[in-house]
2 protein chains.
Amino acid sequence: MEVIGGKWKSIILCHLRLKPMRTSELERAIPQISQKMLVQQLRELEAANIVDRHVYQEVPPRVDYRLTEYGHSLSGVLHDLCVWGEENIDLRREQGEEITLLHRDDL
Amino acid sequence: MEVIGGKWKSIILCHLRLKPMRTSELERAIPQISQKMLVQQLRELEAANIVDRHVYQEVPPRVDYRLTEYGHSLSGVLHDLCVWGEENIDLRREQGEEITLLHRDDL
DNA sequence: TGGTATACCCACTAAAAAGTAAGTATCAAT
DNA sequence: ATTGATACTTACTTTTTAGTGGGTATACCA
């Protein structure tokens, strides 16, 4: 939980699980996140060796982030959690709860 | 993540996954948690319909907590997360990191 | 020279989560 | 009347996490 906890990490990871993504792509994919939080969470995931920051030697600058091999070892858990979460949301929606979150449409 | 996030919920759930437990048992099983946090987290898990608070009509009072059926649907994910976490800890210990947490010995 | 594009970084503030220490309620047994 | 056991509450403080609004650096291109 220390590694994937917090408001944003699991969401970021769910995106990166599918393909490497650039900063700006992630920003678009997760519109609610601020630049600061995005960078900060990516740094922490990098420090935990879950994602790899890949810099292209180009101008204008280009960077993308991808799961490391170790990060991929989380993929299954993440997927299951995601599936559970979506069922969870469905259940709660059926019970009339209003849920407007970062799920489903983003993932 | 809203349901199982935070510092304590996943730990509590990992215990309850195995068997119903009383307040005092949980306190002993998770020595670092304060009474306040334990009760507070249990209340939140109850509100999310993940755990069920079972009161015995006895004196002195007796209460235990157990996963609801819905809570059990998390059991698999929780287990996988736990396994990943332990591998994670092993890896980091091999690399000389000092980790003193609530894991392994408690679970 | 100024504009564009990308990927940041920094200082500050606000909000949420967690921690601490003490108190409450019940009722039986002594 | 006091103690003991259990399961909480409450008030308060500290720490952590998240959000806001700005700024920086590089280098091409007109």
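Within every chain, numbering begins at 1; the chains are lettered A, B, ... in the order of the sequence lines, protein sequences first and strands thereafter.
- Each salt bridge (Lys or Arg N to Asp or Glu O under 4.0 Å) pair with one or both residues in residues 21-38 of chain A, not counting sequence neighbours, would appear here, but there are none.
- Summarising the geometry, the separation between CZ on A:Arg22 and P on C:dC8 is reported as 10 Å, rounded to the nearest angstrom.
- The salt bridge (Lys or Arg N to Asp or Glu O under 4.0 Å) search around A:Glu69 returns none, not counting sequence neighbours.
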I'd like a table of donor-acceptor pairs (distance under 3.5 Å, sequence neighbours excluded) in which one partner is a side-chain atom from residues 43-55 of chain B, with atom names and distances.
residue	atom	partner	partner atom	Å
B:Arg43	NH1	B:Tyr65	OH	3.3
B:Glu44	OE1	B:Lys9	NZ	2.7
B:Arg53	NE	B:Tyr65	OH	3.3

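- Considering only residues two or more places apart in sequence or on other chains, A:Pro20 meets the side-chain contact (heavy atoms from CB on, under 4.5 Å) condition with A:Asp64, A:Arg66.
- One axis for each end of the helix from C:dT1-D:dA30 to C:dT30-D:dA1, each built from five base pairs, and the angle between them comes to 30° at 10° resolution.
- In this view, A:Gln57 satisfies the side-chain hydrogen bond (donor to acceptor under 3.5 Å, both in side chains) rule with no residue, not counting sequence neighbours.
- Of the inter-residue distances, the one linking A:Leu18 atom CG with A:Ser75 atom OG reads 8.0 Å to the nearest 0.5 angstrom.
- An OP1 or OP2 oxygen of C:dC8 is reached within less than 4.0 angstrom by a side-chain nitrogen or oxygen of A:Arg53.
- Spacing between atom CD of B:Glu58 and atom P of C:dA28 amounts to 13 Å, rounded to whole angstrom units.
- Dashed line: the shortest gap from a side-chain N or O of B:Ser24 to OP1 or OP2 of D:dA5 is not under 4.0 Å.
- Rounded to whole angstrom, the span from the CD atom of B:Glu25 across to the P atom of D:dC8 amounts to 13 Å.
- The stretch residues 42-52 of chain A comes close to DNA chain C through A:Arg43, each having a heavy atom under 4.0 Å from the strand.
- Contact record, A:Met21 with A:Ala29: CE-CB, 3.9 Å, taken as the closest heavy-atom pair.
- Here B:Tyr65 lies in heavy-atom contact (under 4.0 Å) with sugar-phosphate atoms only.
- Considering all non-hydrogen atoms of both residues, B:Trp8 and B:Gln41 come closest at CB-CG, 3.9 Å.
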For residues 76-84 of chain B, please give each side-chain donor-acceptor pair under 3.5 Å, one per line with the distance, not counting sequence neighbours.
residue	atom	partner	partner atom	Å
B:His79	ND1	B:Arg17	NH2	3.1
B:Trp84	NE1	A:Ser73	OG	2.9

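- Atom C1' of nucleotide C:dG19 and atom CG of B:Leu38 are separated by 14 Å, given to the nearest angstrom.
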Checklist entry - Where along nucleotides 14-26 of chain D does protein come under 4.0 Å, by heavy atom, of base (B) or sugar-phosphate alone (S), with - for untouched nucleotides? => result ----SBB------
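- The side-chain contact (heavy atoms from CB on, under 4.5 Å) test applied to A:Glu94 returns no partner, not counting sequence neighbours.
- What you find for A:Lys7 and A:Ile11 is that their closest heavy atoms are O-CD1, 3.5 Å.
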